[in-house]
Amino acid sequence: IGDSSVLTCPFKENITLLTWKISPKVGGPCTLSYRAATNLMDNNCSNNINWKFRPGLAAALEIQQVRIAQEGNYICEVVTTDGNFHTTYHLTVLAPPRLSLYCDKDRSPVCEAAVGKPPAQVSWVPESNSTAEEKWHHNGTVTVLSRFTARSTRVTNMITCMVSHPAGNWSQSIVC
């Protein structure tokens, strides 16, 4: 989320038509096309999706400040004098969770990995018997909540929550 993504088609000689067909999970499809004979470009996609030109290389598609709604299929179709060529991408958007660690009313540590995509994995040091609760949001993100439950009565004062996610790993410690 928020980063730019560049998708490229294989470079081909003698291009007559280059088209990106985009089918996001949310919202309607859109296309970008380029006709070499007329040097005409057409784009009916959102403002943050556009061509990215680099000297000596085929035109690529750039998505600036990627949003979850732009997750989906991106198909590049290249028409040349040698034939038609297709490249398909499935864009998956990662949303790093926001980590918060606090003490509940019973003075037990609670770890929350909010609005991540996919759901984060939560673990504790020292180990805990807790199970994580997941709350799914309408935009595809998930908040994971875990309450520390000691496995033994000999627990140190300092408790650490560790959050693992494809977008990164985080930890915080607390004394309740």
Side-chain angles (χ1 to χ4, degrees), residues 1-10 20-32 45-52 54 60-76 86-176:
I1 280 186
D3 290 341
S4 288
S5 184
V6 176
L7 308 177
T8 58
C9 283
W20 280 96
K21 294 181 178 179
I22 302 168
S23 301
K25 283 185 178 178
V26 177
C30 70
T31 58
L32 282 86
C45 297
S46 65
N47 291 339
N48 72 325
I49 298 176
N50 218 326
W51 295 105
K52 180 175 179 96
R54 295 169 295 170
L61 177 78
E62 181 175 28
I63 309 166
Q64 297 177 340
Q65 298 179 346
V66 175
R67 300 182 299 262
I68 289 177
Q70 291 169 317
E71 194 168 63
N73 291 320
Y74 290 70
I75 300 170
C76 177
H86 296 69
T87 302
T88 302
Y89 292 92
H90 178 76
L91 181 67
T92 300
V93 179
L94 299 178
R98 293 189 311 267
L99 173 60
S100 62
L101 179 61
Y102 56 92
C103 301
D104 68 10
K105 60 180 174 50
D106 298 324
R107 299 185 52 145
S108 294
V110 177
C111 186
E112 182 178 77
V115 293
K117 183 179 178 301
Q121 301 294 313
V122 176
S123 58
W124 294 94
V125 173
E127 287 188 46
S128 168
N129 288 331
S130 66
T131 56
E133 303 167 25
E134 293 181 354
K135 179 182 177 189
W136 290 78
H137 306 287
H138 70 281
N139 65 356
T141 61
V142 182
T143 296
V144 178
L145 188 77
S146 179
R147 285 182 172 73
F148 180 83
T149 306
R151 285 191 169 179
S152 73
T153 55
R154 293 183 295 138
V155 174
T156 61
N157 288 339
M158 184 69 67
I159 307 295
T160 301
C161 168
M162 296 183 302
V163 173
S164 300
H165 190 269
N169 298 311
W170 304 269
S171 66
Q172 283 185 10
S173 298
I174 197 168
V175 175
C176 291

Decide whether Asn139 and Thr141 meet the rule of one side-chain donor and one side-chain acceptor closer than 3.5 Å.
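Looking only at side-chain atoms, Thr141 and Asn139 do form a donor-acceptor pair, the distance falling under 3.5 Å.
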Hey, could you give me the [atom1]/[atom2] distance between [X] and [Y], rounded to the nearest 0.5 Å?
| X | Y | atom1 | atom2 | result |
| --- | --- | --- | --- | --- |
| Ser23 | Leu91 | OG | CG | 12.5 Å |
| Ser171 | Trp124 | OG | CH2 | 11.5 Å |
| Cys9 | His86 | SG | NE2 | 10.0 Å |
| Asn50 | Leu61 | CG | CG | 8.5 Å |
| Thr87 | Leu7 | OG1 | CG | 10.5 Å |
| Gln65 | Ser4 | CD | OG | 7.0 Å |

With a 4.5 Å cut-off on side-chain heavy atoms, are [Y] and [X] touching?
| X | Y | value |
| --- | --- | --- |
| Val110 | Arg147 | yes |
| Thr143 | His137 | yes |
| Thr8 | Tyr89 | yes |
| Ile22 | Cys45 | yes |
| Ile174 | Cys176 | yes |
| Gln70 | Val93 | no |
| Leu145 | Lys135 | no |
| Ser46 | Cys30 | no |

Test item: Ser128 side-chain N/O and Thr149 main-chain N/O as donor-acceptor pair under 3.5 Å
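Between the backbone of Thr149 and the side chain of Ser128 there is a qualifying donor-acceptor contact (under 3.5 Å).
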Closer than 3.5 angstrom, by distance alone: can the side chain of Asp104 be matched with the main-chain N or O of Asp106 as a donor-acceptor pair?
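Yes; at least one donor-acceptor contact below 3.5 Å.
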Within 6.0 angstrom of [X] [atom1], more than 12 heavy atoms from elsewhere:
| X | atom1 | result |
| --- | --- | --- |
| Asn47 | CG | no |
| Glu134 | CD | yes |
| Glu71 | CD | yes |

Looking at every heavy atom in both Pro24 and Ala69, which two are closest together, and how far apart are they?
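Heavy-atom minimum between the residues: CB-O, 3.4 Å.
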Closest heavy-atom contact between Ile159 and Leu101?
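Between these two residues, the closest heavy atoms are O-CD2, 4.3 Å.
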Run Asn169 and Met162 through side chain to side chain contact (heavy atoms under 4.5 Å, CB included) and show every step you take.
CA-CA 7 Å; Asn169 298 311; Met162 296 183 302; over 6 Å; no
Pick from Cys161, Pro126, Ser130: which one makes a side-chain contact (heavy atoms from CB on, under 4.5 Å) with Phe148?
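Only one of Cys161, Pro126, Ser130 forms a side-chain contact (heavy atoms from CB on, under 4.5 Å) with Phe148, namely Pro126.
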Lys117 pairs by side-chain contact (heavy atoms from CB on, under 4.5 Å) with which of Leu94, Ile1, Val142, Ile68?
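Going through the options one by one, the only one that passes is Ile68.
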Could you please spell out the steps behind the side chain to side chain contact (heavy atoms under 4.5 Å, CB included) verdict for Asn48 and Arg67?
CA-CA 10 Å; Asn48 72 325; Arg67 300 182 299 262; 3.5 Å; yes
Chi angles and distances behind the side chain to side chain contact (heavy atoms under 4.5 Å, CB included) call for Ile49, Trp20:
CA-CA 11 Å; Ile49 298 176; Trp20 280 96; over 6 Å; no
Could you walk me through whether Val6 and Glu62 satisfy the side chain to side chain contact (heavy atoms under 4.5 Å, CB included) test, starting with their C-alpha distance in whole Å, then the side-chain angles of each, then the deciding distance to 0.1 Å, before giving a yes or no?
CA-CA 4 Å; Val6 176; Glu62 181 175 28; 4.1 Å; yes
